[in-house]
Amino acid sequence: MNEYDSNRIYDLAKSINYKKTIEVNKADCYVLNTCHIREKATDKVYHDIGRIKKNFRGKKKPIVVVTGCVAQAEGDILLDREKYIDAVIGPQSFHKFNQIIKNLEKKSSQENLTGFDVKEKFDTLNYLKNSDSSVSSFLTIQEGCDKFCKFCVVPYTRGAEFSRPINELVKECKDLVSNGVKEITLLGQNVNAYCYNEKKLSTLISKISEIKDIKRLRYTTSHPKDFTGDLIDVHRNNKKKLMPLIHLPVQSGSNKILKAMNRKHTVEEYLEIIYKLREANPRVKFSSDFIIGYPGETEKDFSNTLKLLNKVEFINCYSFIYSPRPGTPAANLNEIDYNTAKKRLIIFQNTAKKIKLKYRRKLFHKTSLVLFENKLQNKDEFFGRDEYSNSVIVKTKENLKGKIKEVQIKGGNQNTLFGEINKNQNKRNFAA
Ligand code: SF4
């Protein structure tokens with residue numbers, strides 16, 4: 001979502017004559033768009049600002065703005081501790097970016113903009129064409145979260161759930177397509193909670209799929225509680241454009257821990273969704289998020305998490321040791337022993353890696369459909385992604401940007417697959 005926000009902040013800045021630069025030591029303005037999900041996000045901001053300060057020692061100070069969720073969560077603290085920061089702007093206030101920059105060009109007092117004007121934000125942004133022209137682009141359709149998982153900062157940094165109107169989103173998709181975009185990932189902190197005038201995510205996906213030049217659609221991140229039958233049906237009826245990789249965070253395989261986290265679903269309910277989706281489209285595969293070592297997690301809870309991992313065979317897992325976020329209810333709980341949590345994380349990640357490698361080996365010598373995004377610098381190689389978002393590289397002199405090709409996978413490692421373009425483009429022996 002920060003990538004989408006960064007693109008839109010740039011669209012705003014362009015309209016007051018700012019341009020992106022790679023000459024970072026000559027910039028007039030720095031925007032640090034931050035994420036608060038990972039540990040030490042704030043430290044990273046101070047570190048980056050330290051670097052800017054050093055580069056500009058003895059020169060005219062650039063305008064320095066911190067945007068995003070760190071700005072939202074720690075705005076006053078940032079301004080207090082680091083006088084080099086000129087403004088903090090929260091994720092629901094960045095539509096006022098230009099106004100802040102104009103103020104800062106004239107005077108140097110610090111500004112703190114961390115309101116929750118999400119409707120006003122999108123009303124303002126709608127007047128500005130989304131200029132992203134990547135082959136694969138993001139589109140924020142929903143923001144905020146009402147779920148209040150006990151470990152998570154999102155409800156406090158992005159605010160309550162808000163869904164954008166369908167017609168506004170279809171228009172933005174058409175704008176993206178006119179820039180050359182072929183694949184759109186619909187974004188929301190709780191994307192499948194999308195609901196506008198009683199129209200849900202399933203309706204939005206169907207509407208956007210009608211746009212001829214959109215070749216691929218994805219959506220992230222979903223919550224199991226909002227995975228309703230209509231959304232499962234879209235995976236049955238829209239196999240051509242809706243990609244078969246579903247990111248469905250589960251966090252733990254223990255019902256006791258899920259309850260402690262306030263996740264609002266059980267392991268059994270989660271598995272029920274997986275089975276229904278597999279029945280709707282046998283080619284679907286899953287990725288997920290896991291928190292290891294949540295307060296109160298026992299060996300038995302952890303072994304249940306491993307069981308779930310082995311049962312679903314997720315092709316990608318994002319796993320982290322639990323670490324408290326200030327201001328969340330879980331921050332007041334007693335943490336489990338760090339070394340125990342670390343050992344469990346290593347076991348979990350090794351198991352996840354084996355599953356991933358087994359899955360990847362099955363792709364070798366099969367055909368994948370790859371949407372190509374960009375040529376690799378100084379090489380006759382092109383980078384793209386298959387239907388499951390796996391990175392694929394092929395050797396070619398041809399410009400493949402924006403094209404979908406059948407690729408024979410020859411080999412690969414943990415991160416990248418290597419292949420050759422099929423001479424015959426109608427093999428239809430696709431990897432699943
Ligand atoms: S559903 Fe996701 S965004 Fe919402 S509180 Fe839980 S973890 Fe955070």
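We number each residue from 1, following the sequence as shown. Every number for a ligand or one of its atoms is a count from 1 in the order of the listing.
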Looking at F151 versus Y322, is the centre-to-centre ring distance below 6.0 Å?
->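 Ring centres of Y322 and F151 not closer than 6.0 Å.
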Between H235 and Y219, does the ring centre distance come in under 6.0 Å?
->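 Ring centroids of H235 and Y219 are less than 6.0 Å from each other.
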Residues which pass side chain to side chain contact (heavy atoms under 4.5 Å, CB included) with T416, listed by chain and number, not counting sequence neighbours =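 For T416 the side chain to side chain contact (heavy atoms under 4.5 Å, CB included) partners, ignoring immediate neighbours, are S391, I393, N413, F418.
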Quick one: list whatever passes side chain to side chain contact (heavy atoms under 4.5 Å, CB included) with T203, sequence neighbours left out.
-> I166, K199
Collect the protein residues that have a non-hydrogen atom under 4.0 Å from ligand 1 and hand them over in chain and number order.
-> C145, K147, F148, C149, F151, C152, V154, P155, N190, H223, R263
Between R344 and E299, does a salt bridge (charged side-chain N to carboxylate O under 4.0 Å, His left out) hold up when you go through it step by step?
-> CA-CA 9 Å; R344 289 180 190 164; E299 279 304 323; 3.1 Å; yes
With sequence neighbours excluded, give me every salt bridge (Lys or Arg N to Asp or Glu O under 4.0 Å) pair touching residues 89-104.
->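 Non-adjacent pairs meeting salt bridge (Lys or Arg N to Asp or Glu O under 4.0 Å): K96-D117, K96-E120, K102-E105.
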